[in-house]
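Encoded as structure tokens, the structure appears first; notes follow it.
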Number of protein chains: 2
Amino acid sequence: MSSPQLEDLPDALSNHIGYLLVRLGKHAQRLFSLEIGPLGLRPAHCDILLTLADRGALAQVEIANLLLIERAHLVALLDQLEGLGLVLRTPDRVDRRRHAVTLTPTGVETTARVAAIALKVEETLLDGLIAAERDLLRGALRRLARDADEGD
Amino acid sequence: MSSPQLEDLPDALSNHIGYLLVRLGKHAQRLFSLEIGPLGLRPAHCDILLTLADRGALAQVEIANLLLIERAHLVALLDQLEGLGLVLRTPDRVDRRRHAVTLTPTGVETTARVAAIALKVEETLLDGLIAAERDLLRGALRRLARDADEGD
DNA sequence: TATTGTTATACTCTATAACTATA
DNA sequence: TATAGTTATAGAGTATAACAATA
């Protein structure tokens with residue numbers, strides 16, 4: 001039995017960048033999920049933590065826009081992070097509709113561990129590519145991601 | 001407001017190929033879903049149709065292995081394709097546990113339309129890249145996909 | 001014993017609408 | 001009126017276990 005499936009797929013799939021992106025996106029997500037599972041976290045939680053670590057306090061709607069998460073879905077994710085003691089929701093005194101979301105000290109520590117795990121998974125994923133190839137790939141993907149943000 | 005989110009994301013996300021793959025995979029999936037929706041199909045249906053068009057009759061477990069779909073999930077997908085008159089399940093006379101899945105004549109026609117739509121979506125997705133860049137990207141992604149099939 | 005197709009279950013993600021409190 | 005956070009619901013993807021028929 002075993003695994004070289006890709007060669008057995010029709011060109012209409014294995015030669016399409018769209019299909020490869022979907023397939024590899026799911027694979028990367030799965031690898032990362034397995035690593036962070038023991039922390040009680042899922043990928044969306046980690047995206048939030050890393051964003052807060054870099055950007056400081058953000059309103060929920062800002063997090064949702066940055067990460068392309070529905071703000072309705074974000075509520076539960078933040079509830080869970082709050083339950084783990086990793087983030088804090090503070091009412092904004094200027095605009096009282098808003099909650100400023102920030103990392104707790106524990107949240108800062110956990111985010112550092114998450115970042116280290118992300119690096120490790122990245123290394124596993126890119127094992128077959130040399131540095132120059134990784135840079136080319138990263139550049140192309142960033143271009144596509146920027147285009148996706150604007151148009152389409 | 002508007003959209004240049006990618007630049008506002010932390011490097012821990014926007015510079016990670018893993019994150020970009022997840023984000024772009026979802027984007028590609030969404031674009032494709034919108035186009036094939038009017039046919040009553042979802043991406044997984046199309047993957048099955050394109051695979052059958054290329055490989056001829058396959059047992060369900062073979063389709064599941066090729067496309068990384070759980071065979072428990074495949075049952076419902078094939079029920080739906082059968083309901084649309086696009087595929088046929090025929091008992092295998094040699095191994096009577098198996099069903100040979102094949103395209104109907106209507107299924108062949110629909111698959112051709114799906115392939116055309118896939119090409120159009122691919123063009124939209126890759127609009128910002130010239131041919132040489134697309135080939136480099138495709139090559140790198142195929143390498144990663146092959147590595148993912150084997151190891152990890 | 002192991003495999004194929006099937007059923008059932010549960011969890012996550014995604015999308016939508018509607019409610020509240022504020023602006 | 002419009003926006004921020006919330007609640008609720010439904011569809012789709014994923015993962016698992018268990019069963020009947022067959023090998």
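Hydrogens, waters and symmetry mates are skipped; everything else that's a heavy atom, side chains included, is used. Since we're looking at a predicted model, the values are computed, not measured. Letters A, B, ... are given to chains in the order of the sequence lines, protein chains preceding strands, and every chain is numbered from 1.
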Please report the interatomic distance CG(A:Leu81) to CG(A:Leu41), rounded to the nearest 0.5 Å. 6.5 Å

Begin with the C-alpha distance, continue with both residues' side-chain angles, and end with the deciding distance and a verdict on side chain to side chain donor-acceptor pair (under 3.5 Å) for A:Asn65 and A:Arg71. CA-CA 8 Å; A:Asn65 287 339; A:Arg71 72 187 199 284; over 6 Å; no

Rounded distance in Å - CG (A:Asn65) to P (D:dG5): 10 Å

Expressed as a whole number of angstroms, how long is the span from B:Leu88:CG to C:dG5:P? 15 Å

Short heteroatom pairs, N/O only, protein and nucleotides 7-13 of chain D, under 3.5 Å:
unit_1, atom_1, unit_2, atom_2, d
D:dG13, OP2, B:Arg42, NH1, 2.4

Residue list, salt bridge (Lys or Arg N to Asp or Glu O under 4.0 Å) with B:Asp79, at least two apart or on another chain: B:Arg89

To the nearest 0.5 Å, what is the distance between CG on B:Leu24 and CG on B:Leu125? 7.0 Å

Just the rounded figure in Å: distance from P of C:dT14 to CG of A:Leu74. 12 Å

Check the distance between D:dT14's P and B:Asp47's CG and give it to me in whole angstrom. 10 Å

Please answer whether the main-chain N or O of A:Gly128 pairs with a side-chain N or O of B:Arg143 as donor and acceptor at a distance below 3.5 Å. yes

Could you tell me how far apart A:Leu78 (CG) and D:dT6 (P) are, to the nearest whole angstrom? 8 Å

Taken to the nearest whole Å, CD/B:Gln80 to P/C:dT6 is 13 Å

Of the candidate nucleotides C:dG5, D:dG5, D:dA15, which contains the atom at the shortest distance from the side chain of A:Arg30? D:dA15

Heavy atoms only, 4.0 Å cut-off, all strands: where does B:Glu70 land among base, sugar-phosphate and nothing? base

Hey, can you pull the residues of residues 91-103 of chain B with a non-hydrogen atom under 4.0 angstrom from DNA chain C? B:Arg97, B:Arg98, B:His99

Output for pair (A:Lys26 NZ, A:Leu21 CG), nearest 0.5 Å, gives 12.0 Å

Intermediate values then yes/no, salt bridge (charged side-chain N to carboxylate O under 4.0 Å, His left out), A:Glu62 and A:Arg55: CA-CA 11 Å; A:Glu62 294 172 324; A:Arg55 299 284 312 271; over 6 Å; no

For A:Gln60 and C:dA21, what is the distance between atoms CD and P respectively, to the nearest whole Å? 16 Å

In B:Lys120, B:Arg30, B:Arg42, B:Arg113, the residue satisfying salt bridge (Lys or Arg N to Asp or Glu O under 4.0 Å) with B:Glu35 is B:Lys120

With a 3.5 Å distance limit and no angle check, can you tell me whether A:His27 reaches the backbone of A:Arg23 through a side-chain donor-acceptor pair? no

